Amino acid sequence: MTAIVWFRRDLRLRDNPAWADATRAHQRVVPLFVIDPRLWRPGERRTTQLVAHLAALDAGLGEWDGRLCVRHGAPAEVVRSEVRRLGADAVYVNDDYSPYAVARDAAVAGDVPLERFPGVAIHGPDEVMTAAGTPPKVFTPYHRRWAELSWGLWPDAGSASVSSDPGDGLRAETAPPTLIGGEAAAVSRLAEFLDRVDDYHEVRNRPDLDATSHLSSDLHFGTLDARRVRHEVGGSSKGRSAYVRQLAWRDFYLQVMYHNPSSVGRELRPEYSGIAWINDAEDIDAWKAGRTGYPIVDAGMRQLAGEGFVHNRVRMIVASFLVKDLLVDWRIGERWFRRHLIDGDVAQNVGNWQWVAGTGTDAAPYFRVFNPVSQGRKFDPAGDYVRRYVPELAELGAAGIHAPWELGPLELAAAGIELGDTYPEPIVDHAVARERVLRVYAAAKESAG
């Protein structure tokens, strides 16, 4: 009896329900990964990271005297072909919930016996429901029900023999990955976070500190199982409970997208579908390049370009600035983030961008507009985060680094800064922009009736 385990966003052998069940139920297992040319972008940071994880998974299968079989092509066609070639009895998968993944799996399921498991989420999108049997639309009641549901760790793998056919093999990436690839490295990152998680609730919004988990990419690629992370973190302190709440947010956005697949490109709140976006090309380019004249915004965008990662608090600040200060369509920012983030998960990215834009699941009204200066001063109080990514401002003190235009010419000259030359003037007046966006949103809502 032969089974195929089709790896997707579950690039690990431990805590993998599809792998565990297949290796217990079958004599022979073929581990398969399909590279879809439509999604494969050589040289991009996320592709480089994926290759590192796949290479590590292939090495891990060596302990089973096996190899990862890599095929290139349209997934539905490749999987059907492999089932016929191998005479496989079943294909084991851990479900994914993006519109792309749902359509891909539907195309396969009609011809291939799929054994499906919820190994990407802690609780799948049909598990957490309201009393009326509908998916919750607001996070707080969702989280209450999510926390009450029972769950456990996935079982251990069985003793099947594993195929040693490498298939088409991996195409080498010339650049090094952002993170060391594979589940062993991911487990090490989790262990490192556990040493500081108890303070998470107090410092998680501080981009100047090493206070977050750095596990978002591992959760995206599945080198770590979300249930294992929840188990290891536990809830014995406020910091641990606060982090587990973030795992609930992850499941929440997975279920929001699963039940609202059009939200990838359409407002969840239709009353804001008629917002009169400006979408000024020069403003968008300045935002992408980290040249807006607002230091905390520029630091975040430069971190994104240089590292493929942005601290979560800063993600909210830069997103709010694009959407609310510059009146740029949230979809433009969402696509830019998704392209450059190594943890660029569709459900999380879309959910958070719509949250910031006020068009999504947020229970608060649309008039939340982050002030980039006060946000910088509150969460980067000494300016260390800005100095790291905007070195031309490094000589400024904490009092002026988040608003250098407020300083006098002598203070700026002493720090080697000439506004408009070595560092840009603000491209928009935040106070004016705030009043403008409130008018535009109100008009869209009124027009929608």
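Computed from a predicted structure; not experimentally measured. As a basis for the values below, the full set of heavy atoms in this structure was taken, side chains included, without hydrogen atoms, waters or symmetry mates.
Other residues, nucleotides and ligands contribute only 12 or fewer heavy atoms inside 6.0 Å of the OH atom of Tyr258. The number of heavy atoms from other shown groups lying within 6.0 Å of CD1 (Ile180) does not exceed 12. Few gaps surround CD on Glu406; more than 12 heavy atoms of other groups in view lie less than 6.0 Å from it.
For the side chain to side chain contact (heavy atoms under 4.5 Å, CB included) criterion with Ser217, the lone passing option out of Leu179, Leu341, Thr178 is Leu179. A side chain to side chain contact (heavy atoms under 4.5 Å, CB included) with Arg434 is found for one member of Asp325, Asn371, Val369, Asp429 and no other, namely Val369. Applying salt bridge (Lys or Arg N to Asp or Glu O under 4.0 Å) to Arg8 and the options Asp36, Asp105, Asp96 leaves one that passes, Asp105.
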| Can Asn205 and His311 be said to form a side-chain hydrogen bond (donor to acceptor under 3.5 Å, both in side chains), step by step? | CA-CA 8 Å; Asn205 282 309; His311 184 280; 5.9 Å; no
| task | Carefully, step by step, assess Glu307 and Tyr389 under the rule side-chain hydrogen bond (donor to acceptor under 3.5 Å, both in side chains). | result | CA-CA 11 Å; Glu307 300 176 7; Tyr389 297 104; 2.7 Å; yes
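Residues Trp405 and Tyr294 bring their aromatic ring centres within 6.0 Å. Phe321 has its ring centre no less than 6.0 Å from the ring centre of Phe370.
Heavy-atom minimum distance, Val373 versus Ala403: CG1-CB, 4.1 Å.
Ring pair Trp249/Phe252 is perpendicular by interplanar angle, where above 60° counts as perpendicular and below 30° as parallel.
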